[in-house]
Q: 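Please see the structure below; I have some questions.
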Protein chains: 2
Amino acid sequence: MSTSGSPFPRAGVAVDLVILTLREHKLSVLLIQRDDEPYSGAWALPGGFMSKREDLTEAADRVLADEASLGDRAVHVEQVRTYGATDRDPRGRVVSVAFMALGADLPEPRRGEGVADARWWAVEDLTEVTLAFDHPVLLADAVERARAKLEYTTLAVTFLPEEFTISQLRGVYESVWGRPLDAGNFHRKATRTEGFVVDLETHAAPTGGRPARLYRAGDGTRLNPPLLRAGD
Amino acid sequence: MSTSGSPFPRAGVAVDLVILTLREHKLSVLLIQRDDEPYSGAWALPGGFMSKREDLTEAADRVLADEASLGDRAVHVEQVRTYGATDRDPRGRVVSVAFMALGADLPEPRRGEGVADARWWAVEDLTEVTLAFDHPVLLADAVERARAKLEYTTLAVTFLPEEFTISQLRGVYESVWGRPLDAGNFHRKATRTEGFVVDLETHAAPTGGRPARLYRAGDGTRLNPPLLRAGD
DNA sequence: GCAATAGTGTCTTTAAGACATTATCTT
DNA sequence: AAGATAATGTCTTAAAGACACTATTGC
């Protein structure tokens, strides 16, 4: 069974992507419906095997481009963790490296090979859906990572277009954390935290109220002090 | 070259451990001096290949027990991240999952196979030592993870014996962060943060001053609000 | 005018930082 | 008593939370 002559055991190395965006003010994840065994017909995270000549990041980028047709989009991609239970894939020994990808207003996915369907799911609607493999855990870990990173980084802006209002930025926090924030206090925090947003001195088209000022992402990456979720 | 009949490419999966403890008030890491190629003679993180029937966590525990003779010690082990550059190991395609292990007063290591020497190094003394593979990056990432987690978790207690004083706890922060903290303010923070420490109502043997009260770890895992490093 | 949304101001509370003071031990 | 370390207290400042108020649009 083992590879002859290899000085060490080998395993398949997969990358699985938890691609998150906001759709209709809901944190949503891209899932594909499998058309091949194992778990044919089940919904799963887009993923693929790392090939011989690509590193983990390249494999993640390839899955993003091929399976999610998001190759040219500005998305933030970061590694979450690696899953290595011996029985996690019936095809054999497979270790999976999970990545989280965040992007603004991502398009409807294109279907790839071995895929019956592909669509965005609101994370909160996924309690009834049974995901393939150990993907429920991968998804939960990535969502928690995203929620946690909004606290102490400027990552929320990656869910927004290049120009945005403070209300939109607050909407990101409210959608990802699933709770309302005080508009006034959030405005103070966003505009007075060094490096978070840059005032563009222009206004968005009004939507039934006072027109909102436009901002773009600042050059800071850390929020200091952090913007903490209410004490659990 | 590829394994015949395998439906996906395969790679070696290694686990490498950044085992941290405090020795003489210095954050220290366990390194082994390699006796085999590649990098024979160079210092490296203890590690090994994940075998056919064990998962990543079991492989990490095995390396901890075998290469560091720390099998029965109470240590905190957590995964940091996975490194997959195509050229990171001259023996072939190897992906390495890095773990961080934290423990109190860990013993001198025993030498294992393929190991010329094994010893603790103060992290601050490692600037002159060239580590094998991409281990400088693994080490830096794990040390930063440890430093960051002291801010918002109760993890500092894992560097201490079961019973400890507030001064010792402060010493953990000072050693890991490399900067002094105000003793009074730290005392207030440690004793008044829910779930951090539990007062044992006894006193440690005095060491030339007022005897310090003894505490043990509380049942909390999160520090809320966090204990932040001074604003960078 | 009114409703709606954006943005500012004020008051209170929490908690950190600086640092003085008191407590309890050894020598 | 002097010196050392532990523990508490006080004052100031930073920043969050609650919430009132003003600003600017469409209707």
Side-chain angles (χ1 to χ4, degrees), chain A residues 25 150-152 156 160 163-175 177 179-216 220 222-232, chain B residues 25 150-152 154 156 160 163-174 177 179-216 220 222-232:
Chain A
H25 302 282
L150 291 201
E151 291 194 328
Y152 57 94
L160 294 173
E163 302 191 348
F164 54 84
T165 68
I166 299 296
S167 291
Q168 287 178 291
L169 183 58
R170 176 166 48 84
V172 173
Y173 279 87
E174 293 180 330
S175 300
W177 286 352
R179 80 180 67 169
L181 299 179
D182 181 276
N185 294 336
F186 183 86
H187 195 280
R188 175 181 62 195
K189 178 70 180 176
T191 52
R192 298 196 192 165
T193 296
E194 182 88 14
F196 198 4
V197 296
V198 177
D199 191 339
L200 292 173
E201 316 262 348
T202 55
H203 291 269
T207 60
R210 175 174 171 177
R213 205 177 272 258
L214 283 172
Y215 295 82
R216 62 170 174 80
R222 304 270 308 179
L223 248 37
N224 203 317
L227 174 46
L228 299 173
R229 290 175 275 189
D232 305 54
Chain B
H25 301 281
L150 290 202
E151 291 194 323
Y152 58 93
T154 60
L160 293 174
E163 301 190 349
F164 54 85
T165 68
I166 298 296
S167 290
Q168 288 178 290
L169 183 59
R170 175 165 49 84
V172 173
Y173 278 87
E174 293 179 332
W177 286 352
R179 81 179 66 169
L181 299 178
D182 181 276
N185 294 337
F186 183 86
H187 195 279
R188 176 179 61 195
K189 179 69 181 177
T191 52
R192 298 195 193 166
T193 297
E194 182 87 14
F196 198 4
V197 297
V198 176
D199 190 341
L200 292 172
E201 314 266 347
T202 55
H203 291 268
T207 59
R210 174 174 171 177
R213 204 177 272 257
L214 283 173
Y215 294 81
R216 62 171 174 79
R222 303 271 306 179
L223 249 38
N224 202 317
L227 175 46
L228 300 171
R229 291 176 274 189
D232 303 53

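Throughout, protein chains are lettered first and strands after them, A, B, ... in sequence-line order, and every chain is numbered starting at 1.
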Q: I need the CZ-P distance between Arg179(B) and dG17(C), as an integer number of Å.
A: 10 Å
Q: Could you pull out every donor-acceptor pair under 3.5 Å between side chains of residues 166-173 of chain B and any protein atom, sequence neighbours left out?
A:
from      : atom 1 : to        : atom 2 : distance (Å)
Gln168(B) : OE1    : Thr165(B) : N      : 2.9
Arg170(B) : NH1    : Glu174(B) : OE2    : 3.4
Tyr173(B) : OH     : Leu150(B) : O      : 2.9

Q: Quick one: Leu228(A) CG to dA16(C) C1', roughly how many Å, whole number?
A: 14 Å
Q: Mind checking if Ser167(A) touches a base, just sugar-phosphate, or nothing, with heavy atoms under 4.0 Å?
A: sugar-phosphate
Q: Provide, to the nearest angstrom, the distance between the CZ atom belonging to Arg210(B) and the C1' atom belonging to dT22(C).
A: 8 Å
Q: Below 3.5 Å, does any donor atom in the side chain of Asp182(B) face an acceptor in the base of dA16(C), or the other way round?
A: no
Q: Toward the 5' end of DNA chain C, which comes first, Gln168(A) or Gly208(B), by nearest nucleotide?
A: Gln168(A)
Q: Evaluate the side-chain proximity of Val197(A) to Arg216(A): yes if any heavy-atom separation is below 4.5 Å, no if none is.
A: no
Q: Could you please name the option among dT8(D), dG9(D), dA16(D) that lies closest to any side-chain atom of Pro225(A)?
A: dA16(D)
Q: Using heavy atoms to find the nearest nucleotide of DNA chain C for Thr193(B) and Ala212(A) separately, return the residue whose nucleotide is more 5′.
A: Ala212(A)
Q: Does a nitrogen or oxygen in the side chain of Thr207(A) sit under 4.0 Å from OP1 or OP2 of dT5(C)?
A: no
Q: Taking atom NE2 of His203(A) as the centre, report whether more than 12 heavy atoms of other residues, nucleotides or ligands fall under 6.0 Å from it.
A: yes
Q: Report the residue (Asn185(B) or Thr165(B)) whose heavy-atom-nearest nucleotide on DNA chain D is the more 5′ of the two.
A: Thr165(B)
Q: In whole Å, I'd like the distance from the CZ atom of Phe186(B) to the P atom of dA16(C).
A: 12 Å
Q: Is any side-chain heavy atom of Thr202(B) less than 4.5 Å from a side-chain heavy atom of Arg213(B)?
A: no
Q: From CG of Leu181(B) over to P of dA7(D), roughly how many Å is that when rounded to an integer?
A: 16 Å
Q: Would you mind classifying the nucleic acid contact of Arg188(B) as base, sugar-phosphate or nothing, using non-hydrogen atoms under 4.0 angstrom?
A: base
Q: Starting at CG of Asn224(B) and ending at C1' of dA16(D), how long is that distance when rounded to a whole Å?
A: 13 Å
Q: Would Thr154(B) and Arg222(B) count as a side chain to side chain contact (heavy atoms under 4.5 Å, CB included) if you check the C-alpha gap in whole Å, the side-chain angles of each, and the deciding distance to 0.1 Å?
A: CA-CA 6 Å; Thr154(B) 60; Arg222(B) 303 271 306 179; over 6 Å; no
Q: How close or far is atom P of dA16(C) from atom NZ of Lys189(B), stated in whole angstroms?
A: 4 Å
Q: Any side-chain N or O of His187(B) less than 4.0 Å from the OP1 or OP2 oxygen of dA6(D)?
A: no
Q: May I have the distance from Tyr173(A) (atom OH) to dA16(D) (atom P), rounded to whole angstrom?
A: 12 Å
